[in-house]
Amino acid sequence: MRPVRLRRAVALAAATVSIVGLVACSTTTGGSSTGGAVAQELAVAVWTPIENLDPHGASGMDNGTQVAAKAIFSPLLRTKGKGQFEGVLAESWQANEDATEWTFTLREDVTFSDGTPVTSADVVASFERVLALKGAMAGNYAGHNAKESGADKVVITSKDPDPALLGKLITFYVTPAAHQDGDWSKPIGSGPFVVERFTPGQSLVLAPNPGHWRGKPALNRLELRSVQEMAARMTALKTGEVDMTWVVPDDQLAGLKGNTDLVVEKDSGSGVITMWMNGSEKGLKEAAVRRALWQAVDFATIIKSLFPETGSVANSVVTPNVLGYAPQTPVTYDPAAAKKALDDAGWDYDQKIQMQFSQPQFQQFADAVASDLAKIGVKAEPTQKEAAVFLQDLLALKWDLNIQQLGTAGFDAATNLGRLYTCAAKRTGYCNPDLDKLLNQAGSTSDNAKRQELYGQANKIIWDDAVGMYPMFVRNLYVRNKSVQGLTIPPDLTPDFSTVRIGNGTS
Amino acid sequence: MSAITARPRLWPVRLRSTPTVAAVATVVLAVYLVVGLIGPLLIAYDPVATSVADRLLPIGAVRSDGTVALLGTDGAGRDMLGQLVYGARTSIIIGISVVAACLAVGLAFGTLAGYLAGWTDVAISRLIDILMAFPGILLAIVIAGLFDRSMLVVVLALSVAGWVGFARLARGLTLSLRERPYVDAARLIGVPTPVVIVRHVVPFVIGPVTALATTEFAGAVLSEAGLSFLGLGLPSATVSWGQVIANGKDYLDTAWWISALPGLALTGLVVSTGLLGDHLTQRLGTSR
């Protein structure tokens, strides 16, 4: 008996020692605050998985791809807020009188990570690739055309005046003309980082680009990890497996509060919860009916309970930081008036409204909306659909009510109102010639004050006719370890890691 | 007979299924049945109605309208007690429907294959082999994913592969039964085949098949919860424990009761059904 016990004790001791050893190793390699230099390594959990690094293709507008693209490639310019832009590859730009021709002058000192300089030929080839692939981004450039004008000038022309072109170009990334058809698992770019290893849907490991024109970034290693399960993402944040993540739901904050190493920040937000009601459906054709349904839901209470940190009651179709924002009269909760309006319109209380959404964060929200509608006898069924099916049904107008969080790219209503609400777009089931005229005018005017006024009027029509319910402005939560420093919270959910460095965790 | 003893157990340790254990399991099951059948009549619960002001209340907290949430509320403010009780009813209905469908199909195919032998047996046996080679839950996921969510689809999806166990057992038993002298005698005096099967074979197959039915019931309940957890099961207007567990998975460290309570309820139901099934197998299975 005795020798066996002894052997077991020795084994146990050996195991303990090796575990302690492992832990010690991991703390040294993980970069603890002891000693002078801190390892400049950052692991972040991205909001949506990075499935593809091709910034021009079908997934070009996905948040995952956009985040990766911002690190690997360079755009012509980037936004600094409403109507303000800053050159990246472009040093300066100039539009002609009616905004049908834009000339961009490129910086001379920018090279790709393989050493070749970025020229106008690369810009034109990338632009043509976007158009040829007909991906999510191509819709922004209907009737556009890019051509070289010497090695450092690019001219983008459009059939119709396009005063909002700058806003659209912030998601357009330039890749080398020589590698357009190459392998997109390790693309070459001119951004602050270069790809070291990419596993689609799982992880993207980046190394700094020493030849970056703004200087080599401080981080020696950046890993963008896809952690899909919310609970796992929060655990990874708490244990220090990742140091940062964004779009954290309100409900998860309670679990993070006790952790003094974590810092919570909010972006300025450009998202609006948009719940289109399909105007081509029989029951929802009348604006009075749609307004009544909107009135029947107590959004103020729902927002206060479900989204106390990130939500606020909306008063416009677009957020205040967007060109084209105009405050509207809030729709107040009044179930009695809603019921009366529905009765007057001859609403069929037996029909069931299908509320479709794809992101799980809308589940409780949709349940709460359905609950309020049920109180006045309207039957609504929240239906969560798989992302691809959701998109397909969305475009085919196969829904009664649809829940999305809509952002406004480039902080210009042209990419939201102008793109989605025309009769020709066939996105909402709503068609109004007067609105079409306004949007057309706004889309082809180069005077920003005039455009603001026109989009303001369009805003009012959309709001008053209740093309959808616009209950809530959304801001997004960023949670980072306090050792992550130098991060500017972006307004568009795509953080820029080139300015980030790892401190010793004291500030 | 070997089909019975070789069946994998739900209970990992070979717990001797004493009459006491079986009695306790039966009592627990009876409680579930009573809760599932009578509970919904006593407790009002509307799965569509939410009360966001009372969300994430812990066990025993008082709601804004003064009532007590005995088992707390979930992320949309729905009562947990109501969800447990209505979920019990859903689980029992699904379990019984699936077992009934599987038992009917399995018994019919199994006895026919065993009694008629020849090509009928070959065809049915190969079909069984094919279905056995395919993971049942995967097949259920595919079927449930193809159609809109409804109770009928869930029952169908779980039954498609579920009848195989019954058919194999019934076939094995029938193979030996058809050689018995009294079956031969019946055949010789000209009793028609259908009557021979129904009167002289099926009554002796029923016992072991019933024992199998209890464990299949546990499997069906678990699979339904699995499908609903994945969002492929019942429509959101029907309460399902699997769905409630899924709803609570983001709140494990702040509101553990949302996932834990239906999880415990599910465990209790499945384990006691398994224990009772083991007991029945020992009694009804070895008597032959």
Side-chain angles (χ1 to χ4, degrees), chain A residues 228-235 237-239 248-259 297-308 311 352-358 360-375 377-386 389, chain B residues 44-58 63-65 73-79 82-83 141-142 144-150 153 227-240 242-260:
Chain A
Q228 301 237 35
E229 195 62 46
M230 182 53 64
R233 189 141 65 103
M234 291 304 117
T235 309
L237 199 58
K238 278 185 262 184
T239 58
V248 174
D250 296 66
D251 284 341
Q252 298 299 332
L253 275 190
L256 301 175
K257 276 273 157 64
N259 198 326
V297 183
D298 185 3
F299 281 115
T301 307
I302 294 175
I303 292 166
K304 202 173 73 195
S305 312
L306 292 179
F307 306 103
K352 201 175 237 180
I353 300 177
Q354 193 221 47
M355 296 166 48
Q356 78 154 6
F357 60 97
S358 78
Q361 84 242 30
F362 291 132
Q363 180 72 56
Q364 290 173 356
F365 181 77
D367 286 348
V369 170
S371 170
D372 277 354
L373 289 176
K375 281 181 195 154
V378 175
K379 288 186 192 135
E381 184 180 33
T383 313
Q384 187 182 0
K385 292 183 175 170
E386 196 268 322
V389 180
Chain B
Y45 174 74
D46 177 4
V48 176
T50 63
S51 164
V52 284
D54 299 317
R55 64 196 299 260
L56 301 175
L57 291 182
R63 288 198 197 84
S64 54
D65 63 358
T73 60
D74 73 357
R78 284 171 294 222
D79 184 32
Q83 300 197 44
I141 288 174
V142 171
L146 282 178
F147 300 97
D148 273 349
R149 294 161 73 167
S150 82
V153 169
L227 285 183
S228 293
F229 182 86
L230 295 175
L232 292 166
L234 300 165
S236 53
T238 316
V239 186
S240 156
Q243 223 163 40
V244 184
I245 295 176
N247 286 343
K249 69 179 193 295
D250 285 344
Y251 302 101
L252 281 177
D253 55 352
T254 48
W256 54 269
W257 53 91
I258 303 174
S259 286

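In what follows, chains carry the letters A, B, and so on, assigned in the order in which the sequence lines appear, proteins first and then strands, with residues in each chain numbered from 1.
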Structural part of B/Asp253 lying under 4.5 Å from a heavy atom of chain A: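 The answer is the side chain of B/Asp253.
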
Measure B/Arg149 against the heavy atoms of chain A and call it side chain, backbone, both or neither at under 4.5 Å.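 Neither the backbone nor the side chain of B/Arg149 comes within 4.5 Å of chain A.
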
Between A/Glu229, A/Gln363, A/Glu381, which residue shows the highest count of heavy-atom pairs closer than 4.5 Å to chain B?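 Top count of heavy-atom pairs under 4.5 Å with chain B: A/Glu229.
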
Contact leader toward chain A among B/Pro47, B/Gly75, B/Ala255, B/Ala53, where contacts are heavy-atom pairs under 4.5 Å: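 If we count pairs closer than 4.5 Å to chain A, B/Gly75 comes out on top.
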
Could I get the full list of side-chain hydrogen bond (donor to acceptor under 3.5 Å, both in side chains) partners for A/Ser358, not counting sequence neighbours?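 If we apply the side-chain hydrogen bond (donor to acceptor under 3.5 Å, both in side chains) test to A/Ser358, skipping adjacent residues, there are no hits.
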
Who pairs with A/Asp372 by side-chain hydrogen bond (donor to acceptor under 3.5 Å, both in side chains), at least two apart in sequence or on another chain?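 Expected list: A/Lys375.
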
With a 4.5 angstrom heavy-atom cut-off, is it the side chain or the backbone of [X] that approaches chain B, or both, or neither?
{"X": "A/Glu386", "answer": "neither"}
{"X": "A/Lys385", "answer": "neither"}
{"X": "A/Ala374", "answer": "side chain"}

Any side-chain heavy atom of A/Phe357 sitting closer than 4.5 Å to one from A/Gln384?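 Yes; the side chains approach each other to less than 4.5 Å.
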
Output the distance between atom CZ (B/Arg78) and atom OG1 (B/Thr73), rounded to the nearest 0.5 Å.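 Output value for this atom pair is 10.0 Å.
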
Look up atom CD1 in B/Ile258 and atom CD1 in B/Ile245, then write down how far apart they are to the nearest 0.5 Å.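 Spacing of CD1 (B/Ile258) from CD1 (B/Ile245) equals 12.0 Å.
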
Looking only at side chains, do A/Gln364 and B/Arg55 share a donor and an acceptor under 3.5 Å apart?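 Their side chains do contain a donor-acceptor pair, which is all the 3.5 Å distance test asks for.
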
